[in-house]
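Computed from a predicted model, the values in this text were never measured in an experiment.
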Amino acid sequence: MSVDDAVTDSSHRTPVFQFDRHAPDYRDNFLSITDEMHSKCPVAWSDTHGGHWVAAGSDEVFALTRSADISNDHDVKGVRRGYKGIMIPSAARASGVRGGILEMDDPEHREFRAVLNPYLSPAAIKKWIAPIDEVIRACLDEKIESGEIDFIDDLVNIVPAVITLAMLGIPVAKWQVYCEPVHAAMYTPPDSPDVPRVAELHRNMGLDLLANLHEIRENPRPGMVDAVARATVNGEKPDDLELLGVLSLLIGGGFDTTTALTSHALEWLSQNPDQREILSTERERLLDSATEEFLRFFCPSAGDGRTFSADVDLGGVQFKEGERVWLSWAMANRDPELFDDPHSIDLERTGNRHFSFGLGVHRCIGSNLARIMFKRMLVAVLDRMPDFRCNPEGTVHYDSIGVIQGMRKLPATFTPGTRLGPGLEETLAELQRVVDEQELAAPVTAHK
């Protein structure tokens, strides 16, 4: 059965809760909406965006994510069941390209993931710690003498972009070609007059990505672009559009989520200087638990859509094959049945089984990298700008938190300090030399 043939009898679609995470007031009403769903309808039907289920409760999200009767597939070519992937509503801009491994089911997903694992495992990420630290150092050096910084523009946008491109095998000097369109795609509403400009930025990014794919295919150099260019999946070589989807997911996931997490953590620490002091002083004891708590509380990625691939009964709620469901990682992270005092940040929280990286076979493949970059940026700021104060008047959050809970601006002031080394441009040139000469972007198996 295809989506178009799904059952027309809607009598089973209860309870009903008209949930719209893209609504302009969703950020302001997030707590009340979350609490109401947890207490009354942890799974409910919403007529918004063509109609879909919403799962807010931690038990329900856990069960559905691990269900064998749920699909991530995005049938962009219309050759299978017509399922529409993880976006609700579907993104018109990406209608012809799947969203990488997040919009694949096994065995296809498993085979592609196996290609990427040697680049993103804990052992593989360790060799990137020194380059990460050096890029962070250069970013802070650019601002350290002035006593002023915009953490978004001057740090947390730059580091993930540079390191992700280096791991892909794309020249790091091109980080700006990729950085703005990736973030702008998340914060630009579809009715914004800026849409044409953002679309043009995306087009230029896509052309550069395709050019790198072709270049690396002809003249291989280490990195994840090379890995996917050589991949064979289901016994076949994927076409370029498929590969662009995989690479775009790595870029988007590597950029915006880490930026969003780090910026919100810095904002909260500025607002809570006593907690900042405790975290800085006791970082060896608290850094790991604080990282997981910031992930839980500020959940960068709101959730993912799925499609039921069979009729399912969960706790008396009936789901039909072809119906869509939104799994809310953010709301599951605030479930009082799983977390004590879920709307408060506890830097010492233990047993933090948060949902921020997803669950099951599609759990975020870049989670190891995200944690490392976040921790290194946070510690560097605590060391070099310990008294930073963010300016709430200049802070700009994303208009919508429906896809990514991010920020566009986070200006701050601090006591000026001393530069420790060369500037960003020189540092990136040196990073590129090291990446090339040491083949740093090769898989961890090669380095063994």
### Asp194 and Thr188: CA distance, side-chain angles, deciding distance, side-chain hydrogen bond (donor to acceptor under 3.5 Å, both in side chains) verdict
CA-CA 7 Å; Asp194 204 32; Thr188 305; 4.7 Å; no
### Task
Please test Glu292 against Arg349 for salt bridge (charged side-chain N to carboxylate O under 4.0 Å, His left out), starting from the C-alpha separation and ending with a verdict.
CA-CA 8 Å; Glu292 301 310 307; Arg349 191 183 296 274; over 6 Å; no
### Query
Would Asp73 and Thr307 count as a side chain to side chain contact (heavy atoms under 4.5 Å, CB included) if you check the C-alpha gap in whole Å, the side-chain angles of each, and the deciding distance to 0.1 Å?
CA-CA 8 Å; Asp73 185 39; Thr307 305; over 6 Å; no
### Task
Show your reasoning for whether side chain to side chain contact (heavy atoms under 4.5 Å, CB included) applies to Arg110 and Val361.
CA-CA 8 Å; Arg110 181 174 59 247; Val361 297; over 6 Å; no
### Message
Walk me through whether Thr34 and Arg334 qualify under side-chain hydrogen bond (donor to acceptor under 3.5 Å, both in side chains).
### Response
CA-CA 8 Å; Thr34 299; Arg334 302 298 188 92; over 6 Å; no
### Message
Please determine whether salt bridge (charged side-chain N to carboxylate O under 4.0 Å, His left out) holds for the pair Lys409 and Asp153, giving the CA-CA distance in whole Å, both sets of side-chain angles, and the decisive distance to 0.1 Å.
### Response
CA-CA 7 Å; Lys409 294 290 181 181; Asp153 290 339; 2.4 Å; yes
### Task
Test Asp150 against Arg408 for salt bridge (charged side-chain N to carboxylate O under 4.0 Å, His left out), laying out the working first.
CA-CA 10 Å; Asp150 186 318; Arg408 297 179 62 178; over 6 Å; no
### Message
Working note: Thr48 + Asp20, criterion side-chain hydrogen bond (donor to acceptor under 3.5 Å, both in side chains); need CA distance, chi angles, decisive distance, verdict.
### Response
CA-CA 6 Å; Thr48 59; Asp20 185 358; 5.2 Å; no
### Task
Let me see the working for His362 and Glu103 under side-chain hydrogen bond (donor to acceptor under 3.5 Å, both in side chains), right down to the final yes or no.
CA-CA 9 Å; His362 288 92; Glu103 295 197 322; over 6 Å; no
### Task
Start with the C-alpha distance between Asp436 and Arg433, add both sets of side-chain angles, then the distance that settles salt bridge (charged side-chain N to carboxylate O under 4.0 Å, His left out), and finish with yes or no.
CA-CA 5 Å; Asp436 294 341; Arg433 185 190 66 78; over 6 Å; no
### Query
Could you walk me through whether Val325 and Val54 pass the side chain to side chain contact (heavy atoms under 4.5 Å, CB included) check?
CA-CA 6 Å; Val325 58; Val54 180; over 6 Å; no
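His74 places no side-chain N or O within donor-acceptor distance of the main-chain N or O of Val76, the cut-off being under 3.5 Å. Judged by distance alone, the side chain of Asn333 and the main-chain N or O of Phe297 form no donor-acceptor pair under 3.5 Å. A donor-acceptor pair is defined here as one N or O able to donate and one able to accept, closer than 3.5 Å; no such pair exists between the side chain of Asp25 and the backbone of Asp28. Remark: the backbone N or O of Val198 is not paired with any side-chain donor or acceptor of His202 at under 3.5 angstrom. Counting only distance, with no hydrogens or angles, the side chain of Asn368 and the backbone of Leu120 share a donor-acceptor pair below 3.5 Å. Side-chain atoms of Thr259 come within 3.5 Å of backbone atoms of Val156 as a donor-acceptor pair (strictly under, hydrogens ignored). Side-chain atoms of Arg363 do not come within 3.5 Å of backbone N or O of Gly360 as any donor-acceptor pair. With hydrogens and angles disregarded, no donor-acceptor distance shorter than 3.5 Å links the side chain of Glu134 to the backbone of Thr427.
For the pair Arg296 and Phe339, the cation-pi criterion (under 6.0 Å, within 45° of the ring axis) is fulfilled. Judged by the 6.0 Å distance and 45° axis criteria, Arg21 is not positioned over the aromatic ring of Tyr26. Remark: Arg276 is positioned above the aromatic ring of Phe388, its terminal NZ or CZ atom under 6.0 angstrom from the ring centre and at most 45 degrees off the axis.
In this structure, Lys237 places its NZ atom where more than 12 heavy-atom neighbours from other residues, nucleotides or ligands lie under 6.0 Å away. No more than 12 heavy-atom neighbours from other residues, nucleotides or ligands sit within 6.0 angstrom of CG on Asp340.
Between Glu200 and Arg203, at least one side-chain nitrogen of the basic residue sits less than 4.0 Å from a carboxylate oxygen of the acidic one, meeting the salt-bridge criterion. Salt bridge Asp288/Lys375: present, at least one basic N to carboxylate O contact under 4.0 Å. Note on Glu108 versus Arg98: salt bridge recorded, some NZ/NE/NH1/NH2 to OD/OE distance being below 4.0 Å. By the 4.0 Å N-to-carboxylate-O rule, Asp141 lies close enough to Arg384 to be salt-bridged with it.
Looking at Ser344 and Asp341, their side chains come closer than 4.5 Å, going by heavy atoms from C-beta outward. Using a 4.5 Å heavy-atom cutoff, the side chains of Phe19 and Trp326 are in contact. With a 4.5 Å cut-off on side-chain heavy atoms, Val97 and Ser248 do not count as touching. Between Glu148 and Pro416 the shortest side-chain heavy-atom distance does not fall below 4.5 Å. Contact of the Thr395 side chain with the Met407 side chain is registered, since non-hydrogen atoms from C-beta on lie closer than 4.5 Å. Under the 4.5 Å side-chain criterion, counting only non-hydrogen atoms from C-beta, Met385 is in contact with Phe151. Gln405 has its side chain out of reach of Tyr398: every pair of non-hydrogen atoms, C-beta onward, lies at least 4.5 Å apart. Side-chain contact check for Glu439 versus Arg221: every heavy-atom pair is 4.5 Å or farther apart.
When all heavy atoms are compared, the tightest approach of Pro118 to Ala124 is O-CB, 3.3 Å. The two residues Leu102 and Leu249 come nearest to each other via the heavy atoms N-CD2, 3.7 Å. Taking every heavy atom of both residues into account, Val381 and Leu266 meet most closely at CG1-CD2, 4.0 Å. What you find for Ala231 and Phe112 is that their closest heavy atoms are CB-CE2, 4.4 Å. The minimum heavy-atom distance linking Gly303 with Trp329 is given by the pair CA-CD1, 3.2 Å. Residues Pro300 and Leu295 share a closest heavy-atom pair of CD-O, 4.1 Å.
For the residue pair Ser289 and Asn352, no side-chain donor N or O sits within less than 3.5 Å of a side-chain acceptor on the partner. Remark: the Tyr178 side chain and the Asp208 side chain contain an N/O donor-acceptor pair separated by less than 3.5 Å. At a cut-off of 3.5 Å, with distance as the only test, a side-chain donor of Glu277 or Thr281 sits close to an acceptor on the other residue. At a cut-off of 3.5 Å, with distance as the only test, a side-chain donor of His397 or Glu267 sits close to an acceptor on the other residue. Inspection of the Arg389 and Thr413 side chains reveals no N or O donor paired with an N or O acceptor under 3.5 Å. If you check the side chains of Asp35 and His38, you find no donor sitting under 3.5 Å from an acceptor. A donor and an acceptor atom, one from each side chain of Asp256 and His183, are located under 3.5 Å apart.
Note: Phe298 and Phe294 have parallel aromatic rings, judged against thresholds of 30 and 60 degrees for the angle between ring planes.
Partner of Arg137 under the side-chain contact (heavy atoms from CB on, under 4.5 Å) criterion, chosen from Ile144, Leu424, Leu420: Leu420.
We find the CE-CD1 distance between Met373 and Ile125 to be 8.0 Å, quoted to the nearest 0.5 Å.
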